[in-house]
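As the structure lists them, so they are numbered: ligands from 1, and atoms in each ligand from 1.
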Amino acid sequence: MKVIVTNDYHEMSKVAAEIVSHVVLDNPNAVLGLATGSSPIGLYNNLIEMYEAGLLSFANVSTVNLDEYVGLDRDHPQSYAYFMRNVLFDHIDIDLGNTHIPCGSADNLEQQCRQYNELLASLKQDIQVLGIGSNGHIGFNEPGTPFDSVTHIVQLADSTIKDNSRLFNSIDEVPTKAITMGISNIINARKIIVIANGTNKADAVYKMVQGEISENCPASVLQKHPDVVLVCDTLAAAKLKM
Ligand code: F6R
C-alpha cells in the first residue's frame, strides 16, 4: 500500500482530489465509488473547485456510494443520499440519474441488497474512495465481517453509533442498522484511495497498513489489493513505523 503523509486536513484533501481528478481526466466515463462522513468533505470541496474552474467535468461520470442508514429516506437530512447532494452532487455537472446510493427506506431490504450487487457488477469502480472507522471498518463493514461479503444489512457497532452521534441531536437518533457494500464489492474496485485524519484514526491506520490481515480489522484486507493509496495527516500516521 502506498502511503502519503500530509501536514493537515487541507493538504490531505488537495492530494486526494488530485488523485481522484486524474481518474476522471483519464476516463470521462469513469465510475467513482464514493464515501460519506467527515474525511472526504475537503476532497469533495476541491473537486467542486476544479469543476468551477473549468478543469473537470462530471457530465459522463457515474457514482456508487458505499452505504446508507436503514430507515432514512433519501430526503432525510441525515441520510447519506442527502449528504451527497449537499456536499457534492448539487455543485457539479453530474447527472443525478447516474448517481447511486443504496436505498435505506426500501420495503424489501434484502431485495435492495441484491439489486445493489447487480448494479455494482455492471458499474465496476475505477476508483473507490474510503474513509476508515476508528474500529477499522470500511463502508459499514464492522470488525468480524467476512472478506467475501457482498452488499448486506449490518447492525452498527456501538463504537460506530457513538462516533456518528456527533452529527445527530442525540445518540438515540442514530440509526442502528445500515445497508453497506460488502468487502468483496469494495476490493473489486480497480483503484482504492483511503483518506484518514486525526488522532482517533491512528490505531486503525496502523492495523490497516502494518497489522495482521484479519477480519477483526476489515481495512487490513486492503493490504491484498494491488493498487491502494492511503492519504493521511501526520496525526493519523502517528503509529506507523516508517
Ligand atoms: C462512510 C463510510 C464510513 C466512514 C468512516 C469514517 O460512507 O462508509 O466507513 O468512511 O466511518 O467516517 P469519518 O470520515 O466521518 O471519520
Side-chain angles (χ1 to χ4, degrees), residues 6 8-10 12-13 16-17 20 32-45 63-70 72 74 76 78-89 99-104 116 120 125 127-145 149-168 171 174-187 189 192-205 207-208 217-222 228 230-233 235-237:
T6 60
D8 53 23
Y9 185 85
H10 179 77
M12 174 189 85
S13 303
V20 174
L32 306 181
L34 299 178
T36 57
S38 308
S39 310
I41 292 178
L43 153 65
Y44 297 151
N45 282 338
T63 66
V64 285
N65 259 79
L66 285 168
D67 41 25
E68 178 61 283
Y69 286 122
V70 164
L72 304 190
R74 50 182 290 108
H76 191 290
Q78 305 286 7
S79 74
Y80 286 166
Y82 186 98
F83 176 95
M84 288 309 302
R85 294 199 298 277
N86 199 23
V87 301
L88 184 63
F89 299 153
T99 66
H100 306 280
I101 302 181
C103 176
Y116 208 65
L120 293 171
Q125 307 96 308
I127 187 167
Q128 175 66 57
V129 175
L130 294 177
I132 178 170
S134 60
N135 64 358
H137 74 210
I138 48 175
F140 273 138
N141 295 286
E142 301 287 23
T145 307
S149 55
V150 294
T151 307
H152 62 287
I153 306 298
V154 61
Q155 182 73 41
L156 297 176
D158 289 346
S159 61
T160 300
I161 293 173
K162 190 162 165 277
D163 284 351
N164 289 5
S165 66
R166 70 188 191 281
L167 304 167
F168 289 78
I171 195 162
V174 186
T176 55
K177 288 185 178 170
I179 176 168
T180 183
M181 268 188 212
I183 293 179
S184 73
N185 303 122
I186 293 173
I187 222 70
I192 295 177
I193 175 171
V194 189
I195 39 188
N197 66 289
T199 307
N200 67 325
K201 299 294 172 71
D203 273 325
V205 163
K207 288 184 187 152
M208 168 174 66
C217 177
S220 66
V221 75
L222 300 175
V228 179
L230 163 69
V231 186
C232 63
D233 70 355
L235 297 173

Worksheet item: Among all protein non-hydrogen atoms, which one is nearest to atom 8 (O) of ligand 1, and what is the separation to 0.1 Å?
Response: D67 OD2, 2.5 Å
Item to complete: Of the side chain and backbone of T160, name the one, both, or neither that has a heavy atom under 4.0 Å from an atom of ligand 1.
Response: neither
Worksheet item: Which of these, G131, G136, G37, S39, has its nearest heavy atom closest to atom 14 (O) of ligand 1?
Response: S39
Item to complete: Considering the heavy atoms of G139, write down every atom of ligand 1 situated less than 4.0 Å from one of them.
Response: 2 (C), 3 (C), 8 (O), 9 (O)
Worksheet item: So, is L66 polar-close to ligand 1, with some N/O to N/O distance under 3.5 Å?
Response: no
Worksheet entry | Nearest-0.5 Å distance that lies between atom CD1 in I101 and atom CZ in F89 | 5.0 Å
Practice prompt. Would you mind telling me if ligand 1 is within reach of the side chain of R166, the backbone, both or neither, using heavy atoms under 4.0 Å?
Written response: side chain
Worksheet item: Does one side chain, of R85 or T99, offer a donor that lies under 3.5 Å from an acceptor on the other?
Response: no
Worksheet entry | Per atom 1 (C) of ligand 1, closest listed option by heavy atom (T36, N164, L130) | T36
Worksheet item: E68 near ligand 1, heavy-atom distance under 4.0 Å?
Response: no
Discussion item. In terms of relative ring orientation, are Y69 and F168 parallel, tilted or perpendicular, with 30° and 60° separating the classes?
Written reply: perpendicular
Worksheet item: For ligand 1, which atoms have a heavy atom of S38 less than 4.0 angstrom away?
Response: 13 (P), 14 (O), 15 (O)
Discussion item. Quick one: does any side-chain atom of D233 pair with a main-chain N or O of G198 as donor and acceptor, under 3.5 Å?
Written reply: yes
Response to the item:
of all protein heavy atoms, closest to atom 6 (C) of ligand 1 is I132 O, 3.5 Å
Discussion item. Whether the S134 and D163 side chains hold a donor-acceptor pair (N or O, under 3.5 Å, no angle test) is what I'd like checked.
Written reply: yes
Practice prompt. Starting at CG of N65, measure out to CE of M181 and round the result to the nearest 0.5 Å.
Written response: 7.0 Å
Worksheet entry | The one among K201, E142, M181 that brings a heavy atom closest to atom 16 (O) of ligand 1 | K201
Worksheet item: L130 pairs by side-chain contact (heavy atoms from CB on, under 4.5 Å) with which of L34, I195, L66, L230?
Response: L66
Discussion item. For atom 5 (C) of ligand 1, what's the nearest protein heavy-atom neighbour? Residue, atom name and distance, please.
Written reply: H137 NE2, 3.4 Å
Discussion item. Would you compute the distance between atom OH of Y9 and atom CG of L43 and round it to the nearest 0.5 angstrom?
Written reply: 8.0 Å
